[in-house]
Each structure stands twice: as C-alpha cells, then as structure tokens.
Chemist: 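I'd like to ask some things about the structure below.
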Amino acid sequence: SPLLSVYADMSVTCKEYEDPDKSMLELVFAPCSPLAGGNINWIGKSDEEIIDATMGELARLFPTEIANDEKWPATSEQGPNGTAKLLKYSV
C-alpha cells in the first residue's frame with residue numbers, strides 16, 4: 001500500500017483484543033512527509049484528513065468489506081455490500 005506500510009488486525013494477533021465480531025487495526029501511515037519520501041506532508045494534516053485517507057486506502061485494499069460511510073468521503077465509492085465502519089480512532 002502506498003500509505004499504509006504496516007497494518008495488523010490486533011483482534012486476531014493479540015488475545016487481549018480478541019473479538020469475533022470486530023477488528024482493531026494498528027496502522028503505520030508512511031511515508032509521512034516529503035522529507036521521508038512521500039508526496040504529501042501528512043504531519044501537517046488534521047487527524048480527520050489522515051483518517052479519511054486511511055479509510056480510503058482500506059477501502060481500496062478491502063473493497064468488499066469497508067462500508068460507504070458519509071463521515072469519510074474517501075469511502076464514497078464503496079459498493080452496497082461492505083459493512084465495516086470505523087467506530088473510534090486515535091492518531
């Protein structure tokens with residue numbers, strides 16, 4: 001992925017986060033700036049802009065799982081079958 005260099009579903013990889021009905025993702029968003037080799041200075045962006053870009057990238061990677069969520073415009077082209085929505089986040 002051009003934005004998410006590392007990601008893991010913690011509900012699968014760590015027993016303390018295990019949940020058969022939900023996923024908890026840990027993501028590394030990189031490169032984060034032109035200095036680090038990226039095209040965009042994500043460090044200067046708001047948390048909401050970073051999460052929207054992340055949701056768009058997750059929608060690209062998992063097109064049948066991520067839901068169209070009006071809160072995150074980058075998911076606007078998702079089909080009707082996706083059901084996964086963001087419940088909470090921390091940047």
Side-chain angles (χ1 to χ4, degrees):
S1 165
L3 291 180
L4 306 174
S5 60
V6 178
Y7 55 93
D9 185 343
M10 301 300 283
S11 64
V12 173
T13 59
C14 296
K15 190 163 182 65
E16 58 267 25
Y17 295 115
E18 185 177 7
D19 188 329
D21 300 317
K22 298 178 186 172
S23 292
M24 178 182 164
L25 299 179
E26 290 282 334
L27 311 162
V28 175
F29 195 92
C32 59
S33 72
L35 183 63
N39 296 327
I40 298 172
N41 181 14
W42 291 104
I43 293 173
K45 300 287 186 183
S46 70
D47 289 357
E48 289 75 18
E49 289 172 302
I50 292 169
I51 296 300
D52 186 46
T54 301
M55 291 303 295
E57 187 64 6
L58 289 172
R60 187 184 73 78
L61 294 169
F62 305 103
T64 61
E65 296 176 34
I66 303 298
N68 179 337
D69 188 338
E70 63 187 40
K71 183 171 182 177
W72 309 111
T75 66
S76 66
E77 295 189 20
Q78 287 303 101
N81 296 328
T83 59
K85 286 193 172 194
L86 184 64
L87 299 178
K88 62 182 180 176
Y89 65 89
S90 176
V91 176

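These values consider heavy atoms only, across backbone and side chains, with no hydrogens, waters or symmetry-generated copies.
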Chemist: In terms of heavy-atom contacts, does CD of Glu77 have more than 12 from other residues, nucleotides or ligands at under 6.0 Å?
Modeler: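 No - once you tally the heavy atoms of other residues, nucleotides and ligands closer than 6.0 Å, there are 12 at most.
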Chemist: Please find the pair of heavy atoms, one from Asp52 and one from Ala74, that lie closest to each other, and give the distance.
Modeler: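 Heavy-atom minimum between the residues: OD1-N, 2.9 Å.
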Chemist: Tell me the closest heavy-atom pair linking Leu86 and Tyr89, and the distance in Å.
Modeler: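 Residues Leu86 and Tyr89, closest heavy atoms: CD2-CD2, 3.7 Å.
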Chemist: Quick check: closest heavy atoms across Leu58 and Leu25, and the distance to 0.1 Å?
Modeler: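 Taking every non-hydrogen atom into account, CD1-CD1, 4.0 Å.
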Chemist: Donor-acceptor pair, Ser11 side chain versus Lys22 backbone, under 3.5 Å?
Modeler: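 Yes; at least one donor-acceptor contact below 3.5 Å.
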Chemist: Please check if Val91 and Tyr7 belong to a single hydrophobic cluster, counting links between Ile, Leu, Val, Met, Phe, Trp and Tyr side chain heavy atoms closer than 4.5 Å.
Modeler: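 Same cluster.
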Chemist: Please go through Val12's hydrophobic cluster and name the other residues, only I, L, V, M, F, W, Y counting, with side-chain heavy atoms under 4.5 Å joining them.
Modeler: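 Members alongside Val12: none; it stands by itself.
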Chemist: How many angstroms lie between atom CD1 of Ile40 and atom CG of Leu3, to the nearest 0.5 angstrom?
Modeler: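 Reported to 0.5 Å precision, the distance equals 7.0 Å.
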Chemist: What about Leu27 and Ile43, same hydrophobic cluster or not, with Ile/Leu/Val/Met/Phe/Trp/Tyr joined at side-chain heavy-atom distances under 4.5 Å?
Modeler: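 Leu27 does not cluster with Ile43.
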Chemist: Roughly how far apart are Glu65 CD and Asn81 CG, rounded to 0.5 Å?
Modeler: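 Going from CD on Glu65 over to CG on Asn81, the span is 11.5 Å.
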Chemist: Counting only heavy atoms not in Asp19 (residues, nucleotides, ligands), do more than 12 fall under 6.0 Å from its CG?
Modeler: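 Yes, because the 6.0 Å sphere around CG of Asp19 holds more than 12 heavy atoms from other groups.
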Chemist: Indicate the atoms forming the closest heavy-atom contact of Lys85 with Asn68, along with that distance.
Modeler: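 The answer is CE-O, 3.7 Å.
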Chemist: Has the side chain of Gln78 got a donor or acceptor atom that lies under 3.5 Å from a matching backbone atom of Ile66?
Modeler: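 Confirmed, Gln78 side chain pairs with Ile66 backbone.
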Chemist: Can you name the closest pair of heavy atoms from Gly82 and Ala67 and give their distance?
Modeler: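 Heavy-atom minimum between the residues: O-CB, 3.4 Å.
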Chemist: Tell me the closest heavy-atom pair linking Arg60 and Glu57, and the distance in Å.
Modeler: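 Scanning both residues completely, I find the closest heavy atoms to be NH2-OE2, 2.7 Å.
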Chemist: Kindly state each residue pair satisfying ring-ring contact (aromatic ring centres under 6.0 Å, His included) with at least one member in residues 30-56, sequence neighbours excluded.
Modeler: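 Every ring-ring contact (aromatic ring centres under 6.0 Å, His included) pair that includes a residue of residues 30-56, provided the two are not neighbours, is Phe29-Trp42.
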Chemist: Can you name the side-chain contact (heavy atoms from CB on, under 4.5 Å) partners of Met10, sequence neighbours left out?
Modeler: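 If we apply the side-chain contact (heavy atoms from CB on, under 4.5 Å) test to Met10, skipping adjacent residues, the hits are Ala8, Thr13, Cys14, Tyr17, Met24, Glu26.
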Chemist: Quick one: OG1 on Thr54 to CD1 on Ile51, what's the gap to the nearest 0.5 Å?
Modeler: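 Going from OG1 on Thr54 over to CD1 on Ile51, the span is 5.0 Å.
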